[in-house]
Amino acid sequence: KEVERQASGRYPALYLSGMVSGNEGEAYNTQEDFYRQYSFAALTLKVPLFDQSLNVNQAIAATQMRRATLLLQQTKDELSALERNLQATLPVIEKSRVLAATSLENSHKLLQIAQVSQESGRTSMEEYLRYESQVLAAQAALFQAENEKWQIVSQLAVLYGTELKGVVQ
């Protein structure tokens, strides 16, 4: 719009201007009341043949337009690259989540075996607690993978402009 506005300044313009003024008062030496009315009207045609400021203003507006267009394109490129990156990361995170769930199951099985071994006296309490620690670490890894998955899903929802409440449901 600014470029169009600056370009339209090159066209001839016809201006109509006028003024109406009245003075009312009393003469200080004759004490007579007076009223004087001043008025004029003017019709002006302005043809900007040699106005260099129009060229400068139009060039500035065109430069600002190009800068805004480049910034918009850069933002689009950044957002599309982020979207591609998130889409590529999502399957990796899902595989990581599946592996973490499998690891948790295996850790639970080992913990049950260690519990039986500890109750029968074949292993020490320290070894049993080590297996219990592995179960907690596997749970933490699973929760971390779930957290990363939902972070990516929420970022994609924001990029696509969808409501997060519907995505979670």
Side-chain angles (χ1 to χ4, degrees), residues 1-104 133 135-169:
K1 293 282 183 187
E2 183 68 21
V3 175
E4 293 173 7
R5 189 179 72 78
Q6 292 296 336
S8 68
R10 296 186 164 280
Y11 300 124
L14 188 62
Y15 298 101
L16 176 63
S17 59
M19 180 186 76
V20 175
S21 174
N23 292 335
E24 186 174 339
E26 183 178 330
Y28 69 92
N29 57 353
T30 59
Q31 307 302 324
E32 292 180 17
D33 291 331
F34 67 88
Y35 178 75
R36 293 188 185 129
Q37 183 176 3
Y38 305 101
S39 58
F40 76 89
L43 186 63
T44 308
L45 177 64
K46 181 179 175 185
V47 182
L49 295 176
F50 302 108
D51 192 359
Q52 290 297 330
S53 66
L54 290 175
N55 292 337
V56 172
N57 290 340
Q58 190 173 4
I60 289 172
T63 303
Q64 288 174 344
M65 181 67 178
R66 282 193 300 274
R67 183 178 298 148
T69 304
L70 287 174
L71 182 62
L72 177 65
Q73 186 60 41
Q74 180 183 3
T75 304
K76 283 181 182 179
D77 292 344
E78 287 174 0
L79 289 177
S80 66
L82 178 62
E83 187 261 340
R84 284 192 307 269
N85 185 18
L86 290 174
Q87 287 290 359
T89 307
L90 196 58
V92 173
I93 296 296
E94 186 60 32
K95 287 179 185 176
S96 171
R97 191 191 66 75
V98 169
L99 289 175
T102 305
S103 174
L104 181 62
S133 172
V135 168
L136 294 175
Q139 277 182 337
L142 178 63
F143 292 150
Q144 178 67 29
E146 290 277 338
N147 184 26
E148 289 175 2
K149 173 191 166 197
W150 283 108
Q151 283 180 350
I152 290 174
V153 167
S154 65
Q155 285 178 339
L156 286 172
V158 168
L159 280 176
Y160 295 144
T162 56
E163 190 176 335
L164 286 177
K165 189 176 183 180
V167 170
V168 172
Q169 288 176 351

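Note that this is a predicted model, so its numbers are computed, not measured.
Rounding to the nearest 0.5 Å gives a distance of 7.0 Å between CD of Gln151 and CD of Gln155. Rounding to the nearest 0.5 Å places CG of Leu159 at 11.5 Å from CD1 of Ile152. Taken from CG in Asp77 to CG in Leu82, the straight-line distance is 12.5 Å, to the nearest 0.5 Å. Rounding to the nearest 0.5 angstrom, the gap separating the OG1 atom in Thr63 from the CZ atom in Arg66 is 4.5 Å. In this structure, CG on Leu136 lies 9.5 Å from CG on Leu104, to the nearest 0.5 angstrom. The distance from the OH atom of Tyr160 to the CD atom of Glu83 is 3.5 Å, given to the nearest 0.5 Å.
In this structure, Arg36 satisfies the cation-pi test against Phe34, with its NZ or CZ atom closer than 6.0 Å to the six-membered ring centre and inside 45 degrees of the ring normal.
Under the 3.5 Å distance criterion, with hydrogens and angles disregarded, a donor-acceptor pair is assigned to the side chains of Gln144 and Glu148.
Side-chain atoms of Ser103 never come within 3.5 Å of backbone atoms of Leu99 as a donor-acceptor pair (strictly under, hydrogens ignored). Without hydrogens or angle criteria, Ser154 side chain to Trp150 main chain gives a donor-acceptor distance under 3.5 Å.
The nearest pair of heavy atoms linking Ala101 to Leu142 is N-CD1, 3.8 Å.
Counting only residues at least two apart or in different chains, salt bridge (charged side-chain N to carboxylate O under 4.0 Å, His left out) contacts with residues 84-101 comprise Glu94-Arg97, Arg97-Glu146.
Leu14 places none of its side-chain heavy atoms less than 4.5 Å from the side chain of Thr44.
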